[in-house]
Amino acid sequence: MKALVTPLRIVAGLVVALVVAMVILLKISSGYYLFVPDVAHPVAPLVSVHGGKPRPDADGRLYFVDVHEIQASEFDILFQWLHPHSTKVPAARLLPPGTNNTQYFQAARREMAISQQIAGAVAEKELGYPVVTRNNGVLVDIVYGDVPAASKIDSADIITAANGKPTTTIADLHDAVKSLEPGDIVKLTIRRGSSTVHEDVKTVADPHNKQRALIGVQVEQSMEIHLPIKVSIDSENIGGPSAGLAFTLELMRQLGRDVTHGYKIAATGQIHLDGSVTAIGGVEQKVWGVRDAGAQVFLVPVDGGNAKEAKKYAGPDLTIIPVTSVDQALHALAHLPKLR
């Protein structure tokens, strides 16, 4: 009579149990995201300028750098070592209350679209072209899922008035709401596509200050930008505003400005209409992505301690240049040592 339990059957049972455990771990959300490095990408293939005359590649190259943001399973967290130089970030730090992963990435793509518009405006203004910009309302990025506004306001709505007062800027909207108490109604005028709608929205209490009223939305400045020279940027479905500085510099390069001075330059930072550059996330992972691309110089915002953090991971072959504005970045690049 053959034995019912054999070494082969024991091994097979262990393998099956291991596979089942892995499948379960892959399906269970950990409540975290992983920020994972991605190698920096050349900007030039993504950017085109109508009638532009880009400088030759021999004059250097510009790179932008993104970060893979993975909604981590328990498997990803348990085996985080499979993602070298990754950082674990609580989902609650990224996702507003009551929202999900899809809404988060939709908002990130809207932020990218806005950063592209601003990059075009800043680049052409820097070169002396007559750019026209006009604030025209408050763009809704995300609506919290557990507030009365969720049934009244949609992402991508533009709020143009509150309680009868125009909200041309985000500051205007804050001024209209700051005199209210939680539970008060705010009457909003909203541009939704080609239509205008009016909604009465009940405010809620700020979780951090119960006396302060909130609508329960995250917003961006909406604006009209008219460029004398047509530009096009293909973001390849990458989200967020952190490529703004890199796009601005590449547009200037394609309009004939010597930006890189022969160097391989990577850049990160959110760009604003006044040319200022502000903080971004995933600094450590972006440094590793820049190093993997072989860039020599990395422009990183001073804001938020970004540049200070970047220097921790730069290594001996990468120079970190802290930046506060496009003008300051251009000045720093122009004063790099001449290449032999």
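Positions are given from 1, in the same order as the sequence printed here.
In this structure, Ala162 and Leu173 approach most closely via the heavy-atom pair CB-CD1, 4.1 Å. Contact record, Gly244 with Ala119: O-CB, 3.8 Å, taken as the closest heavy-atom pair. Between Asp172 and Pro166 the shortest heavy-atom distance is CB-O, 3.7 Å. The two residues Ile280 and Ser242 make their nearest non-hydrogen contact at CG2-CB, 3.2 Å. The nearest pair of heavy atoms linking Tyr32 to Ile77 is CB-CD1, 4.0 Å. Residues Lys264 and Gly294 approach most closely at CD-O, 3.7 Å, considering heavy atoms.
Checked against side chain to side chain contact (heavy atoms under 4.5 Å, CB included), Ser115 has the following partners two or more places apart in sequence or in another chain: Met112, Pro241. Under the rule for a salt bridge (charged side-chain N to carboxylate O under 4.0 Å, His left out), the partners of Asp200 that lie at least two apart in sequence or sit in another chain are Lys187. When the salt bridge (charged side-chain N to carboxylate O under 4.0 Å, His left out) test is applied to Lys178, the partners found at least two apart in sequence or on another chain are Asp175. By the side chain to side chain contact (heavy atoms under 4.5 Å, CB included) test, Ser325 is found to be paired with Asp327, Gln328, residues two or more places apart in sequence or in another chain being considered. Annotation: side chain to side chain donor-acceptor pair (under 3.5 Å) contacts of Arg191 (sequence neighbours excluded): none. Among residues two or more places apart in sequence or in another chain, the side chain to side chain donor-acceptor pair (under 3.5 Å) test is passed with Glu69 by Tyr104. Listed by chain and residue number, Thr102, Gln103 satisfy the side chain to side chain contact (heavy atoms under 4.5 Å, CB included) test with Asn100 (two or more places apart in sequence, or in another chain). Applying the side chain to side chain contact (heavy atoms under 4.5 Å, CB included) criterion to Lys311, with sequence neighbours excluded, gives Ile320, Pro322. For Thr319, there are no side chain to side chain donor-acceptor pair (under 3.5 Å) partners, not counting sequence neighbours.
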Report, one line per pair, each donor and acceptor closer than 3.5 Å where one atom sits in a side chain of residues 87-95; sequence neighbours left out.
from: Thr87; atom 1: OG1; to: Gln285; atom 2: NE2; distance (Å): 2.7

Can I get a per-line list of side-chain donor-acceptor pairs under 3.5 Å for residues 211-227, giving both atom names and the distance, sequence neighbours left out?
from: Arg212; atom 1: NH1; to: Asp206; atom 2: OD2; distance (Å): 2.7
from: Gln221; atom 1: OE1; to: Ile170; atom 2: N; distance (Å): 3.2
from: Gln221; atom 1: NE2; to: Gly137; atom 2: O; distance (Å): 2.9
from: Gln221; atom 1: NE2; to: Thr168; atom 2: O; distance (Å): 2.9
from: Ser222; atom 1: OG; to: Asn136; atom 2: OD1; distance (Å): 2.7
from: Glu224; atom 1: OE1; to: Arg134; atom 2: NH2; distance (Å): 3.3
from: Glu224; atom 1: OE2; to: Arg134; atom 2: NH2; distance (Å): 2.6

Donor-acceptor contacts, no H, no angles, side chain residues 39-52, under 3.5 Å, sequence neighbours left out:
from: His41; atom 1: NE2; to: Asp38; atom 2: OD2; distance (Å): 2.8
from: His41; atom 1: NE2; to: Val39; atom 2: O; distance (Å): 3.2
from: His41; atom 1: NE2; to: Asp66; atom 2: OD1; distance (Å): 3.4

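Between atom CD of residue Glu74 and atom CG of residue Asp76 there is a gap of 9.5 Å, rounded to the nearest 0.5 Å. Separating the CD1 atom in Ile321 from the NE2 atom in His335 is a distance of 11.5 Å, to the nearest 0.5 Å. Atoms CZ and CD1, on Arg192 and Ile158 in that order, are 11.5 Å from each other to the nearest 0.5 Å. If you take CD1 on Ile153 and CG on Leu188, they are separated by 5.0 Å, rounding to the nearest 0.5 Å. Here CD1 of Ile159 is found 10.5 Å from CD of Glu199. Values are rounded to the nearest 0.5 Å. Remark: Asn306 CG to Thr278 OG1 distance equals 9.0 Å, nearest 0.5 Å.
Asp154 has its side chain out of reach of Val140: every pair of non-hydrogen atoms, C-beta onward, lies at least 4.5 Å apart. The shortest distance between side-chain heavy atoms of Phe35 and Glu284 does not fall below 4.5 Å. Ile233 is listed as a side-chain neighbour of Leu251, based on a closest heavy-atom distance under 4.5 Å. Side-chain atoms of His83 and Leu34, non-hydrogen and from C-beta on, do get closer than 4.5 Å to each other. Looking at heavy atoms from C-beta onward, Val231 lies out of side-chain contact with Gln254 at the 4.5 angstrom threshold. Under the 4.5 Å side-chain criterion, counting only non-hydrogen atoms from C-beta, Tyr63 is not in contact with Val290. Here the side chains of Lys286 and Val67 are in contact, with some heavy-atom distance below 4.5 Å. By the 4.5 Å heavy-atom criterion applied to side chains, Val204 and Tyr144 are not counted as neighbours.
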Dump the intermediate steps for side-chain contact (heavy atoms from CB on, under 4.5 Å) on Leu299 and Leu249, then the final yes or no. CA-CA 11 Å; Leu299 304 175; Leu249 296 174; 3.6 Å; yes
Apply side-chain contact (heavy atoms from CB on, under 4.5 Å) to the pair Thr260 and Arg61, showing each step before the final yes or no. CA-CA 7 Å; Thr260 64; Arg61 178 172 289 192; 5.9 Å; no
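Remark: the backbone N or O of Thr160 is paired with a side-chain donor or acceptor of Thr167 at under 3.5 angstrom. A side-chain donor-acceptor contact under 3.5 Å links Ser30 to the backbone of Ala72. No side-chain donor-acceptor contact under 3.5 Å links Thr268 to the backbone of Leu245. Side-chain N or O atoms of Arg110 include one that pairs as donor or acceptor with a backbone N or O of Asp141 at under 3.5 Å. Although no hydrogens or angles enter the test, the distance criterion places a donor-acceptor pair under 3.5 Å between the side chain of Thr203 and the main chain of Gly183.
Between Phe79 and Trp81, the two ring planes are perpendicular [angle over 60°; tilted spans 30° to 60°].
A salt bridge links Glu250 with Arg253: the distance from a Lys NZ or Arg NE/NH1/NH2 to an Asp or Glu carboxylate oxygen falls below 4.0 Å.
Hydrophobic clustering places Leu273 together with Ile271 (ILVMFWY residues linked when any side-chain heavy atoms are closer than 4.5 Å, directly or through intermediates).
In this model, a donor atom of one side chain and an acceptor atom of the other lie less than 3.5 Å apart for Asn101 and Tyr33.
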